[in-house]
Enquirer: 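One structure follows; several queries about it will come next.
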Amino acid sequence: MRRRRWRNTGNALVRVILVWAVSTLTMLALAGILPDFRLQSDDGDSITQIGLTAAWGAGAFGLLSALVWPVLVRALLLVPALVLGVLVFFLNGSLLLLALRLIPDGRGEAAPETAVVVAAVMSAVASATSTALAVRDDEAYRRRLYRLADRRRRRQGRGSATRTGAAVPGLLVLQLDGVGYEVLREACGSALMPTVAGWLESGHRVTSWRTDWSSQTGASQLGILHGSTFDVPAFRWYEKDTGEVMVCNRPASAAELQRRAIERTGDGGLLTLDGASRGNLFSGGADQLALVLSVSARRGRANRSRAGYFAYFSDPANAVRTALSFFADAAREIVQSRRARIRGDRPRVSRGGLYPLIRAFATVVERDVVVSAVIGDMLAGRAVVYADLVAYDEVAHHSGPRGRDTDQVLERLDRSLALIARVAEHAPRPYRIVLLSDHGQSPGETFLSRYGLTLKDLVRAGCGLPVPRRAGRTRSGAEARAAVLAALHRPVEEGEEARPGPGTDPVVLASGNLALISFPDIPGRASRARVESTHPALLATLANHPGVGFLLVDGVVLGPGGAEARLDVPGEAEKLLAAFGPGAAAAVRRTDAFPHVADIMVNSAYDPGTGAVHAFEEQIGSHGGLGGEQGRPFLMWPAELSDPGEELVGAEAVHGVLRRWLGEADGPQVPVAAPESRRAGSGVSGGAGGHAAAPPARTRGTRGTGGTGERVGGRTAREAPQDSRREGPLDGILPSEGAPVRDETR
């Protein structure tokens, strides 16, 4: 034992010396390249003396980074995250200037702006060297991870994560925001996502599921985490009883939706027992939170949603690497946008202004922080983790669901999954990794671009109200913008749309290719007769417009050419909405029963041949309504978990499956089956809207393999598609040596 301890200590010392040597050589190279950076006295020094000076400076900089940097980041935790990302460079440069002052005889000197560059390069090189050494020494890497996990368990007093005998499996649920079922299959078949393809070949199974009419993250994630999508008709909607507009990515609205779901189901959420929620709109009842929008509106110590920033940025190498990647991705977006404009790509939306920075935040900062938080959760041995990676969804909104831009994002997401899988091998308990998405994306030219006016202009024209000469633009409601504003401590408001003023003007709100029209001066839900008497031309104007697929008003579906169907007459709506896919009529019927359904619900036209829709926002890849791949997300699970069932309809059904999977491990978990009253309230068991009942729960400790004929999206396991071949290495990125992975508790 003593010999092994000495050997481990010796290996660690060798790694420190190697990193120090590489840092010294880097400092020497930079001193020779940069004119305002020197490592010698004014009289000149020998090569040996310059080398010793560089070694002294590199050692001092490394020591300061290890000791001072975490203290600085903790002191600046209340600084907005994006501001902290920019301060990273200047703080790192200040540490380098301090290290140079510690060199004897004043041999080190650098201009402040040069110190920033030198510090960034040295941190990046040191991180890369540590990573390379960890890859070369798997045993050392394994010991370090177990040591970190054991230290956390002792600090928290956890003795139950690892017990005598086999450890209790944990459940890790990773949401790839906006990645549809077909997009995932194509990415695996074309080697864009070799990690996911490898999982499919080694036993994972995948199937699609159907969203509600409101095919967007707010409804889907609320249903998945809290078991209820009731009264969430869209991404944004107007509530006449309060006079306010609810927006799913506004912190106050997200908190209210979460409160309503908990009140309806009588349950705190999927993650109530020893769970962690990372990068989500809702907490799921978890106590461990990072980048959770529903709690970001809180002020003071109760708000721990941003704790993940400290856990990640407390390592200067992480901070510098993420900051460099942030600016690199922003530059990449500018180049890609300009290239698309030069090629004359169609459809196309504006990608200027602050969008490159918003995209870089979603694809780099939020991804890195969430992945780091998930790694910390696994090392701490948490029972269940749910994390959302929003990168693909943000890029697809502006670049389209398919293309070179989104392919690059999928490749980087796959590398993040590979990293998580490698760390899972060293966690104190085994983890079953479940992948899923909340919705897909449907392509198509925007309503404004195709027809030269917004839906709001069309509504005003149908109401006989003046229409502006210049068509306005409806801002995109992607989740990344809300995450950026929350990180900056700014509320997510949308001008007058947050609380429309009094008057008779209709309130028109867009949610992808779904729009909602409300009349504030009409109490309650407006009847069809009231709408026609007040605005005689409106319904016909909307229903017969080529960009509109159908309307819902007062329990009646209106289509082009005078077609109409009553929802209470069996078969009528199914026939009228057949082109929008299976279950369309049931989804519309369920939404019609919501207390806050709009006076008029408008779904854009849909082309079944191309899968194209017309978003009422500035998005060429959109979701929110019916039509195309937006309503077909995926669910992917390891073979040791039971089969989810024939067909999953609605996010509430997915919630039921995840609850069952939590119960398929030995030990205390979330209750598998809710009381009958709770299930009836949440809608999991079916009813209006055609939601399929979740399969019955298995007894605790069983392993639902389903035999040899388990289904994979309608096929048995023997017939599972073989087009997801794994090509190339995992190409994962290991954490830098000594990178802290903290537990932050609300």
Side-chain angles (χ1 to χ4, degrees), residues 178-186 208 210-216 234-235 340 344-349 393 396-403 405-406 437 439-455 457-458 471 474 476 510-516 540-552 557-565 573-588 591 600-633:
V179 179
Y181 175 71
E182 294 298 334
V183 169
L184 181 81
R185 287 175 55 88
E186 293 171 10
S208 63
R210 288 210 313 263
T211 66
D212 296 313
W213 189 1
S214 180
S215 55
Q216 47 90 17
F235 181 77
D345 292 350
R346 293 289 178 184
R348 190 175 72 245
V349 293
D393 187 65
H397 278 315
H398 296 80
S399 300
R402 289 176 172 84
D405 297 3
T406 49
S437 58
H439 54 77
Q441 292 260 8
S442 294
E445 195 172 7
T446 68
F447 189 87
L448 171 61
S449 176
R450 179 66 178 84
Y451 300 105
L453 80 168
T454 64
L455 183 69
D457 295 336
L458 182 63
T474 302
S476 171
S511 297
N513 74 315
L514 175 66
L516 295 85
T541 299
L542 292 174
N544 292 308
H545 191 279
V548 173
F550 66 90
L551 314 177
L552 170 65
V557 178
L558 303 179
E564 64 177 71
E574 281 76 5
K575 182 178 179 181
L576 182 57
L577 300 176
F580 289 88
V588 172
T591 302
I600 304 174
M601 304 280 289
V602 183
N603 201 98
S604 84
Y606 165 60
D607 183 350
T610 62
V613 299
H614 297 303
F616 299 117
E617 302 177 82
E618 285 300 286
Q619 300 173 350
I620 60 174
S622 67
H623 55 89
L626 291 171
E629 295 182 23
Q630 62 182 319
R632 291 191 70 207

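Computation of the quantities below employed the complete heavy-atom set of this structure, encompassing side-chain atoms and omitting hydrogens, waters and symmetry-equivalent molecules. Nothing fancy with the numbering, it's 1 onward along the sequence. Keep in mind that what you see is a predicted model, and the values were worked out from it rather than measured.
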Enquirer: Is any side-chain heavy atom of Val588 closer than 4.5 Å to a side-chain heavy atom of Phe550?
Expert: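 In contact.
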Enquirer: Could you report the tightest heavy-atom contact between Ala573 and Ala565, atom names first, then the distance?
Expert: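 Looking at all heavy atoms of both residues, the closest pair is N-CB, 3.7 Å.
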Enquirer: Using modelled atom types only, decide if a donor and an acceptor are shared between the side chain of Ser442 and the backbone of Ala612 within a distance under 3.5 Å.
Expert: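 Pair absent, no side-chain N/O of Ser442 close to backbone of Ala612.
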Enquirer: Verify side chain to side chain contact (heavy atoms under 4.5 Å, CB included) between Arg348 and Ile620, making sure each step is shown before the conclusion.
Expert: CA-CA 7 Å; Arg348 190 175 72 245; Ile620 60 174; 5.5 Å; no
Enquirer: Could you tell me if the side chain of Thr591 sits less than 4.5 Å from the side chain of Asp212, heavy atoms only?
Expert: no
Enquirer: Roughly how far apart are Asn513 CG and Leu455 CG, rounded to 0.5 Å?
Expert: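 Spacing of CG (Asn513) from CG (Leu455) equals 11.5 Å.
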Enquirer: Taking all heavy atoms of Asp405 and all of Ser399, pick out the closest pair and write down the distance.
Expert: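 For Asp405 versus Ser399, the nearest heavy atoms are OD2-OG, 3.0 Å.
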Enquirer: CZ of Phe616 to CG of Leu448: how many Å apart, nearest 0.5 Å?
Expert: 11.5 Å
Enquirer: Please tell me if the side chains of Gln619 and Val349 come closer than 4.5 Å, counting only heavy atoms from C-beta onward.
Expert: no
Enquirer: Using every non-hydrogen atom in the two residues, find where Gly611 and Pro443 come nearest and quote the distance to one decimal.
Expert: O-CD, 3.6 Å
Enquirer: Is the shortest heavy-atom distance from the side chain of Tyr606 to the side chain of Gln630 under 4.5 Å?
Expert: no
Enquirer: Between His623 and His439, how do the two ring planes meet: parallel, tilted or perpendicular, split at 30° and 60°?
Expert: parallel
Enquirer: To the nearest 0.5 Å, tell me how far Gln441 CD sits from Glu182 CD.
Expert: 15.0 Å
Enquirer: What distance do Leu626 atom CG and Leu514 atom CG have between them, rounded to the nearest 0.5 Å?
Expert: 8.0 Å
Enquirer: CG/Asp457 to OH/Tyr451 distance, rounded to the nearest 0.5 angstrom?
Expert: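 Going from CG on Asp457 over to OH on Tyr451, the span is 15.0 Å.
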Enquirer: State, yes or no, whether a side-chain contact exists between Ser622 and Val613 at a heavy-atom distance under 4.5 Å.
Expert: yes
Enquirer: May I ask you to decide if Gly561's main-chain N or O and Asn544's side chain share a donor-acceptor pair within less than 3.5 Å?
Expert: yes
Enquirer: What are the two closest non-hydrogen atoms of Phe447 and Leu453, and how far apart are they?
Expert: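 Taking Phe447 first and Leu453 second, the nearest heavy atoms are CD2-O, 3.3 Å.
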Enquirer: Minimum heavy-atom separation for Leu558 and Ala543, please, with both atom names.
Expert: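 Taking Leu558 first and Ala543 second, the nearest heavy atoms are CB-CB, 4.4 Å.
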Enquirer: Return the minimal non-hydrogen interatomic distance between Tyr181 and Ser208, and the atom names on each side.
Expert: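 It is CG-CB, 3.6 Å.
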Enquirer: Within the 4.5 Å heavy-atom criterion, are Glu617 and His397 side-chain neighbours or not?
Expert: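 No, their side chains stay 4.5 Å or more apart.
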Enquirer: Would the distance check show the side chain of Ser511 and the main-chain N or O of Ala234 forming a donor-acceptor pair, the cut-off being under 3.5 Å?
Expert: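 Checked: no pair found.
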Enquirer: Could you give the distance from NE2 (His614) to NE2 (His545), rounded to the nearest 0.5 Å?
Expert: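 Output value for this atom pair is 9.0 Å.
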Enquirer: Donor-acceptor pair, distance only, cut-off 3.5 Å: does the side chain of Arg210 make one with the backbone of Pro582?
Expert: yes
